[in-house]
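One structure is given here, and the rest of the page talks about it.
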Amino acid sequence: MADRITVIGWDGTPLTEAAGAALAAATLVAGAPYQLGALPVPDAAERITLGNIQQAAKRIAEHRGAAVVVAEGDPGFFGVVRTLRRPEYGLELEVLPAVSSVAAAFARAGMPWEDAQVVSAHGGRLRRAANICRAHPKVAVLTAPGAGPSELALMLRGVHRTFVVCEALGTPEEDVAVLTSDRIADHVWRDPNVVLVIGGTAQPGAVDEAAGWLAGRPVGYPGAERGWALPVDAYAGAGRTEDETGASGALPAHVRALVLARLGARPGDLVWSVGAGSGALAVEAARFGAAVVAVEASRSACARLTVNARRYGVEVETVHGRGPEVLGGLPEPDAAVVESGGLDVVRAVLARKPERFVALARTFAEAEEIRRAIAEAGYRADGALLQSTPLRPAGEGGGLQLGTGASGALLLWGEQIV
């Protein structure tokens with residue numbers, strides 16, 4: 001095992017005294033080819049190119065002597081420290097960080113970033129990174145070969161954003177370009193780069209009371225309004241049971257609570273809400289950090305949905321149209337709910353293979369058809385009839401009694417069988 005492992009973060013500026021001393025004493029140095037060529041690596045030191053981090057970690061663990069690993073920026077932030085700290089390698093590290101590439105990118109843009117989401121597109125996570133960009137107005141994306149600015153812009157086709165592309169930060173070839181998302185794919189970009197994806201209707205800090213003291217946005221953080229499965233009257237126009245075009249109003253709070261639990265929406269997911277009405281369920285899924293596409297045939301309901309999304313400071317992409325016709329052009333869902341539309345829409349959504357699926361039925365006969373469709377599509381099917389009656393004070397004598405306005409809902413759901 002190496003006697004000492006020092007991890008040096010390098011941002012292109014002169015090395016600190018501590019970093020320079022560690023490098024001068026090293027008998028093994030690992031880093032990217034341009035780093036090994038630019039830094040004063042001792043002639044007698046073994047050199048390892050950091051292509052496969054796991055293989056490099058194994059070699060470092062076998063080495064006898066002083067080892068140095070050179071990484072970009074802050075190696076503890078989406079960097080090599082996570083891999084080197086794995087217990088199977090048994091390495092003890094001293095980390096000498098530089099400015100992270102994300103901090104440098106926001107500095108070049110002249111923007112604060114404690115309210116930003118930071119996501120890595122490495123490891124085949126480009127689609128999930130794109131979903132974070134759909135759901136949030138300020139995102140830093142650490143790109144990878146084959147998952148760069150052009151590929152990210154293609155994933156966000158139809159979603160207007162401003163891209164700040166920072167190439168080769170900290171090197172003499174550094175370049176910063178600001179372009180709208182529709183122009184990104186026309187360029188050839190160099191690695192490595194960091195992309196800031198900015199924009200949307202929910203502007204950073206506009207309604208988020210955590211802005212200014214809590215970095216990022218924790219999973220499940222509900223925004224300015226505490227709680228979820230809010231009362232129906234918390235949403236504009238949601239109290240209508242059905243408008244002149246057939247658009248449905250909001251589902252009762254207890255039904256939305258179960259739908260959200262079955263959907264399991266989380267950051268990086270894309271959720272479809274088909275027959276979304278005025279968007280109470282779509283907005284609440286977005287408040288859990290998921291990207292949401294809401295499909296609704298009524299223009300007036302689409303307008304109310306936009307109002308509700310802005311009210312709660314979330315991004316919901318509204319698509320005017322009727323399923324299944326409009327579903328073919330939508331990005332792939334991780335979870336989907338059919339609030340209205342019938343069996344044809346259910347089958348069209350299931351054909352896109354979301355991991356989790358929920359549908360509401362109007363009759364027991366329709367519920368059985370939907371349950372059968374879910375099972376035939378390869379899902380583990382289940383369902384429930386939810387019935388509720390509000391409680392109200394009994395009068396001068398105290399106590400409670402059943403109120404008026406009893407409601408029921410037939411709910412079916414399915415999860416993919418692994």
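The figures that follow rest on heavy atoms only: side chains count, while hydrogens, waters and symmetry mates do not.
With sequence neighbours excluded, the residues forming a side chain to side chain contact (heavy atoms under 4.5 Å, CB included) with Ala257 are Trp228, Ala229, listed by chain and number. Partners of Gln35 by side-chain hydrogen bond (donor to acceptor under 3.5 Å, both in side chains), not counting sequence neighbours: none found. For Arg372, the salt bridge (charged side-chain N to carboxylate O under 4.0 Å, His left out) partners at least two apart in sequence or on another chain are Glu368. With sequence neighbours left out, the salt bridge (charged side-chain N to carboxylate O under 4.0 Å, His left out) criterion links Arg59 to Glu46. Contacts of Gln401 classified as side chain to side chain contact (heavy atoms under 4.5 Å, CB included), with partners at least two apart in sequence or in another chain: Arg392, Ala394.
Heavy atoms of other residues, nucleotides or ligands lying less than 6.0 angstrom from CD of Glu17 number 12 at most.
In terms of modelled atom types and a separation under 3.5 Å, the side chain of Arg256 and the main chain of Leu251 share a donor-acceptor contact. The backbone N or O of Arg304 sits nowhere less than 3.5 Å from a side-chain atom of Ser278 that would complete a donor-acceptor pair. Within the 3.5 Å criterion, the main-chain N or O of Gly51 finds no donor-acceptor partner in the side chain of Thr49. Judged purely by atom type and a 3.5 angstrom limit, Asn131 uses its side chain to pair as donor or acceptor with the backbone of Gly268. Between the side chain of Asp74 and the main chain of Pro97, no donor-acceptor pair closer than 3.5 Å is present.
One finds the OG atom of Ser120 at 12.0 Å from the CD1 atom of Ile132 (value rounded to the nearest 0.5 Å). Atom CD of Glu415 is separated from atom CD1 of Ile374 by 11.0 Å, given to the nearest 0.5 angstrom. The structure places CD of Glu167 at 9.5 Å from OG1 of Thr143, a figure rounded to the nearest 0.5 Å. In this structure, the separation between CG on Leu412 and CD on Glu369 is 11.0 Å, given to the nearest 0.5 Å. Atom CG of residue Leu84 and atom CG of residue Leu91 lie 6.0 Å apart, to the nearest 0.5 angstrom. Rounding to the nearest 0.5 Å places CD of Gln54 at 5.0 Å from OH of Tyr89.
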Legend entry - Intermediate values then yes/no, side chain to side chain contact (heavy atoms under 4.5 Å, CB included), Val295 and Leu327: CA-CA 8 Å; Val295 178; Leu327 303 181; 4.3 Å; yes

Inset, instruction - Apply the test side chain to side chain contact (heavy atoms under 4.5 Å, CB included) to residues Phe357 and Val346: give CA-CA distance (whole Å), side-chain angles for both, the deciding distance (0.1 Å), then the verdict. - result: CA-CA 9 Å; Phe357 174 81; Val346 166; 3.7 Å; yes

Legend entry - Step-by-step side chain to side chain contact (heavy atoms under 4.5 Å, CB included) determination, Leu142 to Val102: CA-CA 8 Å; Leu142 298 167; Val102 173; 3.8 Å; yes

Inset, instruction - Starting from the C-alpha separation in whole Å, work towards a yes-or-no answer on side chain to side chain contact (heavy atoms under 4.5 Å, CB included) for Leu410 and Phe364. - result: CA-CA 8 Å; Leu410 283 166; Phe364 279 101; 3.6 Å; yes

Show the atom names and distances, to 0.1 Å, of all donor-acceptor pairs under 3.5 Å that link a side chain in residues 5-14 to residues at least two apart or in another chain.
| from | atom 1 | to | atom 2 | distance (Å) |
| --- | --- | --- | --- | --- |
| Trp10 | NE1 | Thr13 | O | 2.9 |
| Asp11 | OD1 | Thr13 | N | 3.1 |
| Asp11 | OD1 | Thr13 | OG1 | 2.5 |

Please set out all donor-acceptor pairs under 3.5 angstrom arising from side-chain atoms of residues 269-276, sequence neighbours excluded.
| from | atom 1 | to | atom 2 | distance (Å) |
| --- | --- | --- | --- | --- |
| Asp269 | OD1 | Arg128 | NH1 | 3.2 |
| Asp269 | OD1 | Arg128 | NH2 | 3.1 |
| Asp269 | OD2 | Arg266 | N | 3.4 |
| Trp272 | NE1 | Pro331 | O | 3.1 |
| Ser273 | OG | Glu339 | OE2 | 2.7 |

Side-chain donor/acceptor pairs under 3.5 Å, residues 145-159, sequence neighbours excluded:
| from | atom 1 | to | atom 2 | distance (Å) |
| --- | --- | --- | --- | --- |
| Ser150 | OG | His187 | O | 3.4 |
| Glu151 | OE1 | Gly148 | N | 2.9 |

Donor-acceptor contacts, no H, no angles, side chain residues 375-391, under 3.5 Å, sequence neighbours left out:
| from | atom 1 | to | atom 2 | distance (Å) |
| --- | --- | --- | --- | --- |
| Tyr379 | OH | Pro354 | O | 2.6 |
| Ser388 | OG | His254 | NE2 | 3.3 |
| Ser388 | OG | Ser407 | OG | 3.2 |

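Between Leu360 and Ala409, the closest heavy-atom pair is CD2-CB, 4.5 Å. Between Ala56 and Ile48, the shortest heavy-atom distance links the atoms CB-CG2, 4.1 Å. Between Cys133 and Val141, the closest heavy-atom pair is SG-CG2, 3.8 Å. Between His122 and Arg125 the shortest heavy-atom distance is O-NH1, 3.2 Å. A pairwise comparison of heavy atoms in Ile370 and Ala361 identifies CD1-CB, 4.0 Å as the closest pair. The two atoms that bring Leu305 and Ala294 nearest to each other are CD1-CB, 3.6 Å, heavy atoms only.
Between Val283 and the options Val292, Leu230, Val314, a side chain to side chain contact (heavy atoms under 4.5 Å, CB included) holds for only Val314. Here the rule is salt bridge (Lys or Arg N to Asp or Glu O under 4.0 Å) with Glu315, and of Arg161, Lys138, Arg134 only Arg161 fits it.
Pairs passing the side chain to side chain donor-acceptor pair (under 3.5 Å) check and including a residue from residues 341-356, sequence neighbours excluded, read Glu332-Arg352. Listed by first and then second residue, the salt bridge (charged side-chain N to carboxylate O under 4.0 Å, His left out) pairs that reach into residues 173-189 are Arg108-Glu174, sequence neighbours excluded. Within the structure, side chain to side chain donor-acceptor pair (under 3.5 Å) pairs that include any residue of residues 77-87 do not occur (at least two apart or interchain).
Side chains of Thr180 and His160 form a contact here, defined as non-hydrogen atoms less than 4.5 Å apart. Side-chain atoms of Met111 and Ile198, non-hydrogen and from C-beta on, do get closer than 4.5 Å to each other.
The aromatic rings of Phe77 and Trp113 sit perpendicular, their planes meeting at an angle over 60°, well past the 30° parallel limit.
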